[in-house]
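Report on the following structure.
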Amino acid sequence: MKATMKATWILPDGREIVAEVPEGRNLMEAALAAGVPGVIGECGGTLSCATCHVHVEGPWAEAAGKPGDFEDAMLDATEAERTQASRLSCQIEMSAALDGIVLRVPRV
Ligand code: FES
């Protein structure tokens with residue numbers, strides 16, 4: 001059986017949604033499974049829609065890593081403003097290093 005880790009999404013109104021996420025699942029799919037509003041994942045994680053945009057909370061930024069080149073280009077097409085903390089959550093895969101990660105859903 002695969003291990004699960006915890007992820008928290010903070011919504012623009014301050015509400016929090018916490019979910020157990022299996023190792024290896026990307027955080028866009030995890031958000032959909034947890035019913036997180038504002039994470040849409042229109043392209044199914046193929047890096048062509050930018051509707052899975054989140055801001056990674058400070059302490060987790062390093063563990064989550066930097067966006068790849070193509071993700072970086074796609075981040076210029078997000079609806080909400082891009083910040084230093086912006087990532088496309090379909091490109092972040094849950095792992096032990098990310099257990100407890102906190103993501104903010106930007107206001108659009
Ligand atoms: Fe489309 Fe992430 S789900 S870019």
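For ligands, and for the atoms within them, numbers begin at 1 and follow the listed sequence.
By the criterion of a heavy-atom distance under 4.0 Å, neither the backbone nor the side chain of Ser89 is placed next to ligand 1.
Using 4.0 Å as the threshold, Leu47 has a heavy atom nearer than that to some atom of ligand 1.
Classification of Glu71 and Arg87 as a salt-bridged pair holds, one side-chain N sitting under 4.0 Å from a carboxylate O. The pair Glu57-Arg104 meets the salt-bridge criterion, since a charged nitrogen lies less than 4.0 angstrom from a carboxylate oxygen.
The main-chain N or O of Val54 is never found under 3.5 Å from a side-chain atom of Ser89 such that the two would form a donor-acceptor pair. Proximity of a side-chain donor or acceptor of Thr51 to a complementary backbone N or O of Gly41 within less than 3.5 Å is detected.
Vertex atom 1 (Fe) of ligand 1, arms ending at SG of Cys49 and SG of Cys43: the angle is 110° after rounding to 10 degrees.
Each of the atoms 2 (Fe), 3 (S), 4 (S) of ligand 1 lies under 4.0 Å from some heavy atom of Cys90. Every atom of ligand 1 with a heavy atom of Ser48 under 4.0 Å away is listed here by number and element: 4 (S). Within ligand 1, counting atoms from 1 as listed, the ones closer than 4.0 Å to a heavy atom of Gly45 are 3 (S). Residue-ligand proximity, Cys52 to ligand 1, at heavy-atom distances under 4.0 Å covers atoms 2 (Fe), 3 (S), 4 (S).
Between Met5 and Leu98 the shortest side-chain heavy-atom distance does not fall below 4.5 Å.
Between the SG atom of Cys52 and the CD1 atom of Ile40 there is a distance of 10.0 Å, given to the nearest 0.5 Å.
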